[in-house]
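Written below as structure tokens is the structure these notes are about.
One-based numbering along the sequence shown. In each ligand, atom 1 is the first atom listed, and ligand 1 is the first ligand listed. Scope of the values below: all heavy atoms of this structure, side chains included, with no hydrogens, waters or symmetry mates.
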Amino acid sequence: MSKPRILVVGATGRTGGTIVDSLLEDGKTHVEALIRPASNANPTILKLKDRGVKIHFGEIKDDPQLASILAGIDTVISAIGPGAQLEQIPLADAAKKADVKRFVPCAFITVCPPGGVMWIRDQKEQIYQHFRKLGLSYKLIDVGYWYQASFPTLSSGRVDYASLLVPNMTISGDKNIKTALTDLRDIGPYVARCMTDSRTLNKCVFCYGELLSQDGLFAKMEELSGEKIEREFVSPDQLLALCDAIKASFKYNLSDMKQAMTVIGLEYSYSMFVRGDNSPEYAKYLGYLDARDLYPDFVPRSFEAFARELVDGKAARIF
Ligand SMILES: NC(=O)c1ccc[n+]([C@@H]2O[C@H](COP(=O)([O-])OP(=O)(O)OC[C@H]3O[C@@H](n4cnc5c(N)ncnc54)[C@H](OP(=O)(O)O)[C@@H]3O)[C@@H](O)[C@H]2O)c1
């Protein structure tokens with residue numbers, strides 16, 4: 001029997017990259033990638049080709065070529081960047097028309113309810129509503145917050161090279177609320193397992209590596225580096241006021257991704273460290289399956305293992 005064909009959208013990105021790595025390692029499927037023509041000079045494409053990934057060039061919106069690219073594809077996995085979420089609507093339409101068996105939309109964020117808590121969640125929910133309306137089979141996978149975006153920086157500057165923000169010594173909301181965190185590199189192995197698992201069909205799955213509070217993250221970084229971190233505190237009220245002021249400053253129009261990114265970051269903090277949404281218990285309440293129950297064989301990386309690489313100067317520069 002021939003192997004199922006999986007088409008990854010966003011294969012040159014961080015999430016898409018880990019998914020492609022794991023699917024190739026798994027070897028149970030043919031891995032293909034849809035790349036927008038404007039990105040044809042991206043050096044990652046050559047690396048993907050060298051590893052046996054079939055490359056298709058095409059737009060995901062209104063491209064007549066899309067139907068022929070999707071013909072015969074069993075599963076589409078989208079790991080598209082945060083600024084292009086709604087472009088998955090025409091992709092889902094085309095997948096439905098082409099009789100694609102399963103659609104894995106770009107979820108891959110924290111657990112959070114829809115309805116105004118996080119703008120990025122609500123963008124993604126529009127896609128979920130759309131493929132449910134189409135009756136398109138799906139698998140929806142959320143992953144907690146990346147270790148790679150969670151650590152505080154150190155006064156010596158030795159982890160600045162890998163940090164999203166410099167400096168980053170702020171504790172927002174409640175320092176003791178534990179939240180689900182994941183090493184970016186563990187997303188792929190979880191996704192690959194979900195792909196061949198019929199228990200995950202038309203279900204939401206929650207994967208994570210470790211539950212840690214901000215206090216726990218700071219303490220671990222202090223322990224491994226031998227440095228004291230001067231914490232700055234932002235209260236829940238200050239966090240909300242800051243978020244509102246930023247949104248108001250650009251008239252609540254989040255179409256500019258640079259502006260939206262600030263809001264996305266603050267809303268993540270509000271959801272995780274004020275509301276406490278991003279937990280396995282709340283995920284179960286919202287109807288998610290827990291990947292730890294499904295795949296007890298997989299041992300995700302610990303935050304400590306990641307932080308050791310970081311402090312030793314060996315973490316990847318992903319931002
Ligand atoms: N859980 C977390 O902590 C966390 C952290 C960050 C992101 N995320 C989520 O993960 C998802 C992926 O983010 P990422 O940071 O991994 O993405 P990324 O590294 O920025 O990569 C985005 C990918 O999407 C492709 N892309 C962007 N716009 C496109 C378009 N209009 N048409 C076709 N392809 C397009 C890019 O292709 P090109 O090569 O053509 O640019 C690239 O392959 C996001 O939706 C975000 O919400 C979660």
Worksheet item: With backbone taken as N, CA, C and O and side chain as the heavy atoms from C-beta onward, which portion of Ile35 lies under 4.0 Å from ligand 1: side chain, backbone, both, or neither?
Response: neither
Worksheet item: Any idea which protein heavy atom is nearest atom 20 (O) of ligand 1, and the distance to it?
Response: Arg14 NH2, 3.4 Å
Worksheet item: Does the side chain of His130 come under 3.5 Å of the side chain of Asp93 through a donor N or O and an acceptor N or O?
Response: yes
Discussion item. Considering non-hydrogen atoms of the protein only, which is the closest contact for atom 36 (C) of ligand 1, and what is the distance?
Written reply: Thr12 OG1, 4.0 Å
Discussion item. Does any N or O of ligand 1 fall below 3.5 Å from an N or O anywhere on Gly81, backbone included?
Written reply: yes
Discussion item. When you measure from the heavy atoms of Thr110 to every atom of ligand 1, does any distance fall below 4.0 Å?
Written reply: no
Discussion item. Are Phe298 and Tyr295 an aromatic pair, judged by ring center distance below 6.0 Å?
Written reply: no
Discussion item. Ignoring hydrogens and geometry beyond distance, is a side-chain donor-acceptor pair present between Arg132 and Tyr138 at under 3.5 Å?
Written reply: yes
Worksheet entry | Residue part near ligand 1, for Glu59, under 4.0 Å between non-hydrogen atoms | neither
Worksheet item: Can an N or O of Tyr268 be found at a distance shorter than 3.5 Å from an N or O of ligand 1?
Response: no
Discussion item. Pairs of nitrogen or oxygen atoms closer than 3.5 Å, one from Thr15 and one from ligand 1: do any exist?
Written reply: yes
Worksheet item: Out of Phe319, Trp146, Tyr147, whose heavy atom is nearest to atom 6 (C) of ligand 1?
Response: Trp146
Item to complete: Using distance alone, with no hydrogens and no angle criterion, decide if Asn278 and Thr179 have a side-chain donor and acceptor under 3.5 Å apart.
Response: yes
Worksheet item: Is ligand 1 less than 4.0 angstrom away from at least one heavy atom of Gln148?
Response: no
Worksheet item: Non-hydrogen atoms of Ala79 versus ligand 1: any pair closer than 4.0 Å?
Response: yes
Worksheet item: Does an N or O anywhere in Ile120 fall below 3.5 Å from an N or O of ligand 1?
Response: no
Item to complete: If you have a sec, work out which protein heavy atom is nearest atom 11 (C) of ligand 1 and how many Å separate them, to one decimal?
Response: Cys106 SG, 3.5 Å
Response to the item:
Quick look: Glu87 vs ligand 1, heavy-atom contacts under 4.0 Å, and the answer is side chain
Discussion item. Any nitrogen or oxygen of Arg36 lying under 3.5 Å from a nitrogen or oxygen in ligand 1? Just yes or no.
Written reply: yes
Discussion item. Checking Asp277 against Ser271: is there a side-chain donor and acceptor pair closer than 3.5 Å?
Written reply: yes
Worksheet entry | Short side-chain to backbone donor-acceptor contact, Thr182 and Leu184, under 3.5 Å | no
Worksheet item: With a 4.0 Å cut-off, would you call Asp21 and Arg51 a salt bridge?
Response: yes
Worksheet item: Taking the non-hydrogen atoms of Ala149, is any one of them nearer than 4.0 angstrom to ligand 1?
Response: no
Worksheet item: Roughly how far, to the nearest 0.5 Å, is the CG atom of Leu34 from the CG atom of Leu7?
Response: 5.5 Å
Worksheet item: Hey, looking at atom 35 (C) of ligand 1, which of Leu91, Leu164, Ile80 has the closest heavy atom?
Response: Ile80
Worksheet item: Does Gly13 reach ligand 1 with a nitrogen or oxygen that is under 3.5 Å from one of the ligand's nitrogen or oxygen atoms?
Response: yes
Discussion item. Against Tyr145, only a single residue in Phe273, Phe151, Tyr268 fulfils ring pair (Phe, Tyr, Trp, His ring centres under 6.0 Å); can you say which?
Written reply: Tyr268
Discussion item. For Val166, is there any backbone N or O sitting under 3.5 Å from a side-chain donor or acceptor partner on Ser163?
Written reply: no
